[in-house]
Peer 1: 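One structure, as structure tokens, below. Some questions next.
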Amino acid sequence: MSAPSLGGVSVPRGDGNTVIRLRRGSSITDFADKIEANPAALVTVLFHLGEMATATQSLDEDTFALLGEELGYKLQVVSPEDEERELLSAFDIDVEAELEAEGDEELEARPPVVTVMGHVDHGKTRLLDAIRNSDVVAGEHGGITQHIGAYQISHEHEGALRDITFIDTPGHEAFTAMRARGAKVTDIAILVVAADDGVMPQTVEALNHAQAANVPIVVAVNKIDKEGANPDKVKGQLTEYGLVPEEYGGDTMFVEVSARQNVNIDELIDAVLLTADAALDLRANPDKAARGIAIEANLDKGRGSVATVLVQSGTLAVGDTIVAGTAHGRVRAMFDEDGEALDVALPSRPVQVLGLSNVPRAGDTFLVTADERTARQIAEKREAADRNAQLAKRRKRISLEDFDQAVAEGKIDTLNLILKGDVSGAVEALEDALLKIDVGEGVQLRVIHRGVGAITQNDVNLATVDSAVIIGFNVKPAERVAELADREGVDMRFYSVIYSAIDDIELALKGMLKPEYEEVQLGTAEVREVFRSSKFGNIAGSIVRTGTIRRNTKARITRAGKLIGDNLTVETLKRFKDDVTEVRTDFECGIGLGSYNDITEGDIIETFEMREKPRV
Ligand code: GDP
């Protein structure tokens with residue numbers, strides 16, 4: 001048995017220090033492009049290192065590192081965040097450095113930005129209306145109330161007039177979706193709980209999301225006007241989730257309100273301001289070009305792109321050139337939530353902007369640029385990057401199998417879990433049991449969200465943000481959700497026996513949960529005639545006897561029942577003159593096994609792949 005050598009395959013080698021940068025999700029072909037190598041040659045090299053991959057499959061960072069080391073290159077895999085940073089630095093813009101450089105002299109207090117969350121029908125929309133109506137200066141401008149995605153009110157607090165911004169898309173879906181895209185909009189969350197209904201599944205979901213984002217929570221116990229309202233019960237329930245009212249010695253403010261009867265709305269706003277002042281340092285520099293986030297946008301027949309943006313620092317002015325996601329343009333006009341035209345918008349101000357080339361997505365960042373050309377170029381670069389990212393499908397987050405490795409490399413020390421089950425008893429039992437696992441030193445287990453019901457898009461979004469693994473107990477995801485998880489590389493596991501779930505997690509924590517592979521035969525072909533090619537070596541003119549022969553799959557060769565060549569790859573596959581990816585039973589084809597040349601008439605080529613064995 002002769003081991004295939006690298007002879008004949010030439011790969012340009014680096015000197016050990018040559019740095020090659022690849023975006024996350026790149027494939028061997030992308031790498032080959034950069035070093036001007038033949039992708040098939042790199043597939044072979046990788047194969048000799050014990051890893052199987054096709055030329056176009058995206059590889060993870062570790063595999064690239066392995067391949068790079070072998071060839072004398074330092075491979076760097078670049079995240080989308082890094083890429084955005086780099087993209088902007090090409091235009092001399094460094095938002096982070098800019099923010100860090102700002103000191104007390106530049107910074108001025110800015111209003112808090114608040115999101116209202118809670119279970120359906122607990123009164124979020126009604127409460128947002130009541131808060132808006134409480135605006136002490138609302139009457140003055142007399143404009144027409146509009147829904148632009150956010151509004152600002154003025155409120156008298158401890159003798160001073162204070163502004164507060166509310167995102168008026170209630171619920172945590174938008175909140176999580178934006179966070180999944182790296183946007184942090186919300187400073188404080190109001191958690192609405194109906195006093196006659198108590199804590200419900202979405203209440204828990206909402207508070208989990210807020211806590212995961214480190215956003216302080218003020219609780220509005222709503223509908224206290226209703227018969228059967230029991231605010232104390234709500235307080236008791238929320239204590240179990242770590243929201244302990246001040247009167248019980250905690251630090252969460254609870255305000256009993258009635259959105260319908262306008263009871264204690266001012267007190268609720270006071271509580272938001274007190275919490276903000278106590279917990280957060282909300283300041284921004286107003287004296288510079290604006291930076292912020294798009295929170296809503298649509299295409300209007302008459303006015304074109306209409307985008308609501310939240311200014312986070314700097315001042316946005318009519319006439320500025322801006323770029324928001326992949327949209328760019330000059331600010332033609334700005335309006336506030338009362339339809340009043342504005343010339344400038346300060347930090348924390350939501351404002352509707354006209355003049356963009358197209359519609360940004362919620363959560364896209366925006367910034368003001370020196371000129372229109374820069375804005376357009378940034379937009380175009382982002383568009384190109386988006387397109388590439390779409391191609392690089394599987395972004396691997398964390399999976400139970402690679403957990404120990406991520407720990408070993410110092411990348412993480414916590415295994416984040418999201419638990420979903422069919423009944424709450426099971427979820428609780430599972431969580432209890434999981435938290436009892438002896439996790440060992442330096443590693444933690446954290447359940448960042450638990451809930452009853454199917455796995456939702458939201459769960460996947462949360463898993464994406466916090467690199468969590470989703471555990472489904474007697475529940476399955478909807479089809480679209482499974483697709484999303486696949487696209488985002490989120491590991492989902494399904495169990496119907498609590499102990500199997502616990503076993504797997506325990507093994508993962510101990511670094512022992514390795515995937516098991518099994519060999520699956522794909523096809524066999526009989527060699528009829530051997531052709532010699534100076535370029536490709538010997539080509540086996542064959543007929544496919546069973547299954548399908550595919551290019552880039554593993555192969556072995558037998559002669560009269562004896563193995564004569566193993567660990568081979570179908571490197572070229574032709575039907576007559578054409579390169580093909582697969583050939584089926586009873587068809588003739590030419591098979592090239594790279595540099596392996598020991599082929600004779602009558603040999604059998606067997607191809608197979610390694611598949612991950614499902615766990616039972
Ligand atoms: P959302 O789904 O959380 O946005 O809830 P809504 O704001 O749409 O309110 C749901 C229902 O509860 C509506 O019929 C509201 O009129 C009612 N509601 C909201 N707040 C109160 C309240 O303080 N008291 C009473 N009695 N009903 C309320």
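Note that these values count all heavy atoms, side chains included, but never hydrogens, waters or copies made by symmetry. The shown structure was predicted, so the numbers you read here are calculated from the model rather than taken from an experiment. Note that ligands are numbered from 1 as they come in the structure, with each ligand's atoms numbered from 1 the same way.
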Peer 1: Does K226 approach ligand 1 within less than 4.0 angstrom via side chain, backbone, both or neither, non-hydrogen atoms only?
Peer 2: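 Just the side chain.
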Peer 1: Verify, without hydrogens or angle tests, whether D163 (side chain) and H155 (backbone) share a donor-acceptor contact under 3.5 angstrom.
Peer 2: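 No, D163 side chain to H155 backbone: no donor-acceptor pair under 3.5 Å.
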Peer 1: Using atom types as modelled and distance alone, determine if a side-chain donor or acceptor of D364 lies under 3.5 Å from a backbone N or O of R361.
Peer 2: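 At least one qualifying donor-acceptor pair exists.
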Peer 1: So is Q261 touching ligand 1 or not, going by heavy atoms under 4.0 Å?
Peer 2: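 In this structure, Q261 fails to qualify as a contact of ligand 1 - no heavy atom is under 4.0 Å.
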Peer 1: If only side-chain N and O atoms count, and only distance matters, is there a donor-acceptor pair under 3.5 Å linking S313 with K288?
Peer 2: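 The criterion, which ignores hydrogens and geometry beyond distance, is satisfied for S313 and K288.
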Peer 1: If the cut-off is 4.0 Å to any non-hydrogen atom of D121, which atoms of ligand 1 fall inside it?
Peer 2: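 Numbered from 1, ligand 1 contributes 1 (P), 2 (O), 3 (O), 5 (O), 10 (C), 12 (O).
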Peer 1: For the side chain of D486 and the backbone of A482, is there at least one donor-acceptor N/O pair under 3.5 Å apart?
Peer 2: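 Flag not set: sc D486 to bb A482 has no pair under 3.5 Å.
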Peer 1: Please report whether ligand 1 has a polar contact with V257, defined as an N or O pair separated by less than 3.5 Å (distance criterion only).
Peer 2: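 By distance alone, the answer is no.
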Peer 1: Would I224 count as being in polar contact with ligand 1, using the rule that some N or O on each side must be under 3.5 angstrom apart?
Peer 2: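 For ligand 1, there is no N or O atom that lies under 3.5 Å from one belonging to I224.
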Peer 1: Determine, considering heavy atoms only, which of M117, R260, Q202 sits nearest to atom 27 (N) of ligand 1.
Peer 2: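 Looking at heavy atoms only, the winner is R260.
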Peer 1: Partners of F166 by ring-ring contact (aromatic ring centres under 6.0 Å, His included), sequence neighbours excluded?
Peer 2: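 By the ring-ring contact (aromatic ring centres under 6.0 Å, His included) rule, F166 matches Y151.
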Peer 1: Counting heavy atoms only, which part of N222 comes closer than 4.0 Å to ligand 1: side chain, backbone, both or neither?
Peer 2: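 The answer is the side chain of N222.
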Peer 1: Apply ring-ring contact (aromatic ring centres under 6.0 Å, His included) to H328 and list each qualifying residue two or more places apart in sequence or on a separate chain.
Peer 2: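 Residues passing ring-ring contact (aromatic ring centres under 6.0 Å, His included) with H328: none at all.
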Peer 1: Quick test of your reading of the structure: of R126, H122, E227, K223, whose heavy atom lies closest to atom 17 (C) of ligand 1?
Peer 2: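 Residue with the shortest heavy-atom distance to the ligand atom: K223.
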Peer 1: Under the 6.0 Å and 45° cation-pi test, does K476 pair with F494?
Peer 2: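 Yes, K476 lies over the aromatic ring of F494.
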Peer 1: Output the list of atoms in ligand 1 that are nearer than 4.0 Å to some heavy atom of H119, sorted by atom number.
Peer 2: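 Within the 4.0 Å cut-off of H119, ligand 1 contributes 3 (O).
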